[in-house]
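Have a look at the structure below, then the notes.
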Protein chains: 2
Amino acid sequence: MPRKTDARARAIATAQRLFRIQGYTATGLTQIIAESGAPKGSFYFHFPRGKAQLAEEAIDHYVAARIAVLRSISANTAGDALNFVQEIFRAFAAEMVASDFQYGCLMQNLANELPALDAELTKRVARGFVDSTEIVAEHFRGCGFTPARASSTAAALVAALEGARTIARLERTPAIFEALAEVSVPRLCEPVSFPDAQLRI
Amino acid sequence: MPRKTDARARAIATAQRLFRIQGYTATGLTQIIAESGAPKGSFYFHFPRGKAQLAEEAIDHYVAARIAVLRSISANTAGDALNFVQEIFRAFAAEMVASDFQYGCLMQNLANELPALDAELTKRVARGFVDSTEIVAEHFRGCGFTPARASSTAAALVAALEGARTIARLERTPAIFEALAEVSVPRLCEPVSFPDAQLRI
DNA sequence: GCCATACTATGGCGATCACCATAGAAAGAG
DNA sequence: CTCTTTCTATGGTGATCGCCATAGTATGGC
């Protein structure tokens, strides 16, 4: 028998949004149910394992969307590491501006809250990072990087992106993304021509 | 009349520790009071404004300690941007290993939880980032960087550090710090000699 | 001794937490 | 029609949340 309502999907979407804005612990099921417009009584029908199951599915959705974005940027900048990195910075910055810096990264929020709370969910978040980092590494390999160098560059980029989201959210400006691009991009991909080389030690 | 007990200081220290491990919302006053060994009834004597005041003082302590560490590393690597950055990575990684990756960064945890909860505390965390970034920028200026370049490099470094802590905590290994150093350090400070230049596009 | 201050103890406030038991409505399948 | 499955509604569980009122003890200055 097919589904009759979209209450389930709306609950997941609302959970994802609230977890990004407020965090996991600060978001009550009551609020999720109320804001999703879903009927109150049927929550444990759709999610028998409760809040943890809801978080699981929110993570899966978020990771899938993130990977899709990275794949899309990778496809549009094939073989071009510089452009790839720049486009990623631009996309992440644009998303934060669009939400007026209200949204954090779901994976980062959960990564900070879950280790002391739920080992299973924590592992799921960790897998999400590994998977999305792999997309980035794959692109770098396609640019001629050695596998080892592609992996470490990808890991560094992902870490910098997460940190940048924290800072940008606090300062309510995408300046940190520009600073990151400024600092990392020319050095990442161009072996010569340092305009300010005379300033170095 | 002078203080007679250290209940106040112990409450702040315990709050800082628990906020780093579990986050702000997930940490109840009950737990802080219990684990600090402080008497339960006198909490609102020491902190009339409640949990928010406790968080304020935890932030201040944390920021002060962080700035002290950065200043110390800066003094030990004066004029040397490469060594400065390497030592920072090393110090942050070592701290995480020492705590068996249980502790997150207090400022990052609060930065993700507080914007939707307490604007005043959020501003305080933001100020903490600005202040500690300024220490890093100052060091880079002392290495001959232009002020603009010193600032953006410092901002990028701080962002990368925060992101690295998230990743390292999830993966329970300091590998991400090594990846970051590998990727950023040689390019940050050396205008010539790229051992793998032939791999670039 | 006296009293103000520093601090502790107890208990409970209303609200919210995640969770669930029970019952029933709605609708396609046979 | 009946039966099964999908979904909703209501109401409440015990626990914990941050907060606070009240009362009491301890210890310094004078």
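Lettering follows sequence order; numbering is per chain, from 1. Fair warning: this is a prediction, and the values are worked out from it, not measured in the lab.
- Applying the ring-ring contact (aromatic ring centres under 6.0 Å, His included) rule to pairs touching residues 19-38 of chain A yields A/Phe19-A/Tyr24, sequence neighbours excluded.
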Show which side-chain atoms of residues 154-164 of chain B pair as donor or acceptor with protein atoms under 3.5 Å away, not counting sequence neighbours.
unit_1	atom_1	unit_2	atom_2	d
B/Glu162	OE1	B/Gln108	NE2	3.0
B/Glu162	OE2	B/Arg66	NH1	2.8
B/Glu162	OE2	B/Arg66	NH2	3.3

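- Between D/dC7 and A/Ser42, no contact under 4.0 Å exists linking OP1 or OP2 to a side-chain N or O.
- Residues that satisfy the side-chain hydrogen bond (donor to acceptor under 3.5 Å, both in side chains) test with B/Arg141, not counting sequence neighbours, are B/Glu134.
- A search for ring-ring contact (aromatic ring centres under 6.0 Å, His included) contacts involving B/Phe43 returns B/Phe47, not counting sequence neighbours.
- For the pair B/Arg10 CZ and C/dC7 C1', the interatomic distance rounds to 13 Å; values are reported in whole Å.
- Looking at residues two or more places apart in sequence or on another chain, you find a side-chain contact (heavy atoms from CB on, under 4.5 Å) between B/Thr122 and A/Leu170, B/Leu114, B/Pro115.
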Check nucleotides 17-19 of chain D for protein N or O atoms closer than 3.5 Å to its own N or O atoms and list the pairs.
unit_1	atom_1	unit_2	atom_2	d
D/dC17	OP2	B/Thr30	OG1	3.3
D/dG18	OP1	B/Thr27	O	3.2
D/dG18	OP1	B/Leu29	N	3.3
D/dG18	OP1	B/Lys51	NZ	3.1
D/dG18	OP2	B/Leu29	N	2.9
D/dC19	OP2	B/Tyr44	OH	3.1
D/dC19	OP2	B/Lys51	N	3.0
D/dC19	O5'	B/Tyr44	OH	3.2

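- Residue B/His46 has a polar side-chain atom (N or O) positioned under 4.0 Å from OP1 or OP2 of C/dT8.
- Atom P of nucleotide C/dT8 and atom CZ of B/Phe45 are separated by 8 Å, given to the nearest angstrom.
- There is no side-chain donor-acceptor pair under 3.5 Å between A/Thr14 and A/Glu35.
- When the P atom of C/dC20 is taken as reference, atom CZ of A/Phe47 falls 15 Å away, rounded to whole Å.
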